[in-house]
Each structure stands twice: as structure tokens, then as C-alpha cells.
J.: 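Quick one: the structure is below, and I'll ask about it shortly.
Counting starts at 1 for both ligands and their atoms, following the listed order. Heavy atoms only: backbone and side chains are in, while hydrogens, waters and symmetry mates are out.
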Amino acid sequence: MTHARVEIAPSILASNFAKLGDEVRMVEQAGAEVLHVDVMDGHFVPNISLGIPVVAALRKATKLPLDVHLMIENPELFIEEFIQAGANRVLVHQEATVHLDRALAMIREYGAEAGAVINPATPVAMLSDVMSKVDTVLVMSVNPGFGGQKFIPNAYEKIRQLAAMRARYNVSFRIEVDGGVDLENIAELARAGVNTFVAGTSIFHASDPAAATRQLKQLATQALSQKA
Ligand code: DX5
Ligand code: ZN
């Protein structure tokens, strides 16, 4: 499987929920490839966000693939329902389940793409035994739970390690980064090996979110063409 080289994934957590349909159409028209949806349970992370009914509503409002980031304990209990509601990609935290292998297998069984997520304090090596069983590895560059936090730079080294592992083991998962991604760091992240860039604040709190989406995409694409 070969993946698109650069995908911008606006995180709706930073959008205006009272106008969610309009917000989504705006970033879709601006060229975003994916929509990132943050699900929080108040246990795995100290915040509560949205759940299955919102995913189902988004499914009707957009054609974009829904990238559902489960920040919930025991995610395997809800995988089937999120996929039935319209999730195309389901991402589960390594730290949130003692049965990561099973959770990833369930996601693929129910017909979605499987992603494994690691928090800032979790080393890449925790995923070495599931490398061939994931479509995406998501590196958190903030501690999950809130939008608008400062980027934690140890993500760069983890992304480089993942890119090296991907080449060494001849596997083809996407590398995704989430938290504090903006116009300042996106080029460096692209050079480190990221394919999918989640961006909340830097898109939805920009004075022109459509322009911000296009600029992020352009900077990432340009950084790669210079590298090549
Ligand atoms: C944080 C969420 C992120 C968040 C990113 O727990 O997983 O997806 O929305 O927001 P920004 O881009 O503002 O850091
Ligand atoms: Zn997220």
C-alpha cells in the first residue's frame, strides 16, 4: 500500500461546534484530505469531547475520510460502533489498552484502517511488534486532552525513528503527528517523515482557516520537494 505523501487533517476540536457543518465544508473546500475527530472519555484524558452521534453526523456532512482518535480507556469496547457510525480510520492509544494487538485487529476486521498512537512519554519501541498490523502510527506531540498546547520537540526524533523502522522492515504505515502543528514547524516535520498532519488551533483559530489549510499543505509539500 502506498500512501499519499502529505495529508492535512484539520482537528474539529478547535472548530465552532455550533457551526460544525460549515466549518467542515470550509476546510474540505480548502483542500484538506482528512478530518481528525478527537474522542475523549474523562478517564484516559482529563477532558470530555464528543462521541458516536457526532461521528455519525459528520459522516453525513462530508466525504472526507474520518480519522477518529480515541482517547478513551478500553477502546475495544467501542470500535465497532465508531466504525458503524462512519469512522474510516480508528486510532487507539498504546497506553489505553493491554490488548493493543487485539484492538488493532478488530479495527481492520470491522473494515476500517487501524492506527496506533503513542503519548510523548512512550517510546517508539512499544510498537515494534505491531508495525506490520497498522495503517498509521500517530505520534502525539502534546499530552492529549486539549487543543492549543505547545509542541513537544521530542516528537521529531520519534518520527525519524519510525521512518527508519518503516524502511528497515519494509512496511508502509503512515506517520501522523498531532499537537501544536503550525506554520513554523510543519516543514521540519515533513522532512522528518510525517505524512498526515493534524492541525486544530493553527487552522480553526486562524483569521482565514481556508488560507491556513492551504499554507500548511504548501509548506509541507515544498519541504519534501526540496528534500528529494
Ligand atoms: C489533543 C488532540 C488534538 C488537538 C490538536 O488531545 O488529540 O487532535 O485537537 O490541537 P492543536 O492543533 O490545537 O494542538
Ligand atoms: Zn487528536
J.: Report the residues that fulfil salt bridge (Lys or Arg N to Asp or Glu O under 4.0 Å) with Lys158, sequence neighbours left out, ordered by chain and then residue number.
T.: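 Lys158: no salt bridge (Lys or Arg N to Asp or Glu O under 4.0 Å) contacts found.
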
J.: Check whether the side chains of Glu7 and Thr196 place a donor and an acceptor atom closer than 3.5 Å, and report yes or no.
T.: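 Per modelled atom types, Glu7 and Thr196 side chains form a pair under 3.5 Å.
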
J.: Taking 2.8 Å as the limit, list every protein N, O or S atom around the Zn ion (ligand 2), by chain and residue number.
T.: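 Less than 2.8 Å away from the Zn ion (ligand 2) sit His36 NE2, Asp38 OD1, His69 ND1, Asp178 OD2.
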
J.: With sequence neighbours left out, what residues match Arg102 under salt bridge (Lys or Arg N to Asp or Glu O under 4.0 Å)?
T.: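 If we apply the salt bridge (Lys or Arg N to Asp or Glu O under 4.0 Å) test to Arg102, skipping adjacent residues, there are no hits.
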
J.: Which atoms form the tightest heavy-atom contact between Val181 and Val177, and what is the distance?
T.: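 Closest approach of Val181 to Val177, heavy atoms only: CG2-CG1, 3.8 Å.
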
J.: According to a hydrophobic-cluster definition based on side-chain heavy atoms being under 4.5 Å apart (Ile, Leu, Val, Met, Phe, Trp, Tyr only), do Leu58 and Val34 belong together?
T.: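 Not linked; separate clusters.
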
J.: Can you pull every nitrogen or oxygen pair between ligand 1 and the protein closer than 3.5 angstrom?
T.:
{"unit_1": "ligand 1", "atom_1": "6 (O)", "unit_2": "Gly145", "atom_2": "N", "d": "2.7"}
{"unit_1": "ligand 1", "atom_1": "7 (O)", "unit_2": "Asp38", "atom_2": "OD1", "d": "3.0"}
{"unit_1": "ligand 1", "atom_1": "7 (O)", "unit_2": "His69", "atom_2": "ND1", "d": "3.2"}
{"unit_1": "ligand 1", "atom_1": "7 (O)", "unit_2": "Asp178", "atom_2": "OD2", "d": "2.9"}
{"unit_1": "ligand 1", "atom_1": "8 (O)", "unit_2": "His36", "atom_2": "NE2", "d": "3.4"}
{"unit_1": "ligand 1", "atom_1": "8 (O)", "unit_2": "Asp38", "atom_2": "OD1", "d": "3.1"}
{"unit_1": "ligand 1", "atom_1": "8 (O)", "unit_2": "Asp38", "atom_2": "OD2", "d": "2.8"}
{"unit_1": "ligand 1", "atom_1": "8 (O)", "unit_2": "Asp178", "atom_2": "OD1", "d": "2.7"}
{"unit_1": "ligand 1", "atom_1": "8 (O)", "unit_2": "Asp178", "atom_2": "OD2", "d": "3.0"}
{"unit_1": "ligand 1", "atom_1": "9 (O)", "unit_2": "Ser11", "atom_2": "OG", "d": "2.8"}
{"unit_1": "ligand 1", "atom_1": "9 (O)", "unit_2": "Asp38", "atom_2": "OD2", "d": "3.1"}
{"unit_1": "ligand 1", "atom_1": "12 (O)", "unit_2": "Gly200", "atom_2": "N", "d": "2.8"}
{"unit_1": "ligand 1", "atom_1": "13 (O)", "unit_2": "Gly148", "atom_2": "N", "d": "2.8"}
{"unit_1": "ligand 1", "atom_1": "13 (O)", "unit_2": "Thr201", "atom_2": "N", "d": "3.0"}
{"unit_1": "ligand 1", "atom_1": "13 (O)", "unit_2": "Thr201", "atom_2": "OG1", "d": "2.5"}
{"unit_1": "ligand 1", "atom_1": "14 (O)", "unit_2": "Gly180", "atom_2": "N", "d": "2.8"}

J.: Shortest non-hydrogen contact from Glu188 to Tyr156?
T.: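 Of all heavy-atom pairs spanning Glu188 and Tyr156, the closest is CG-CE2, 3.2 Å.
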
J.: Please work out whether the ring planes of His69 and His36 are parallel, tilted or perpendicular, with thresholds of 30° and 60°.
T.: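 Ring orientation of His69 relative to His36: tilted.
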
J.: Which atom names give the shortest non-hydrogen contact between Val45 and Met40, and what distance separates them?
T.: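 In this case the closest contact between Val45 and Met40 is CG2-CB, 3.6 Å.
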
J.: Does a side chain donor of either Glu176 or Thr136 reach within less than 3.5 Å of an acceptor in the other side chain?
T.: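 No, no side-chain donor-acceptor contact under 3.5 Å.
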
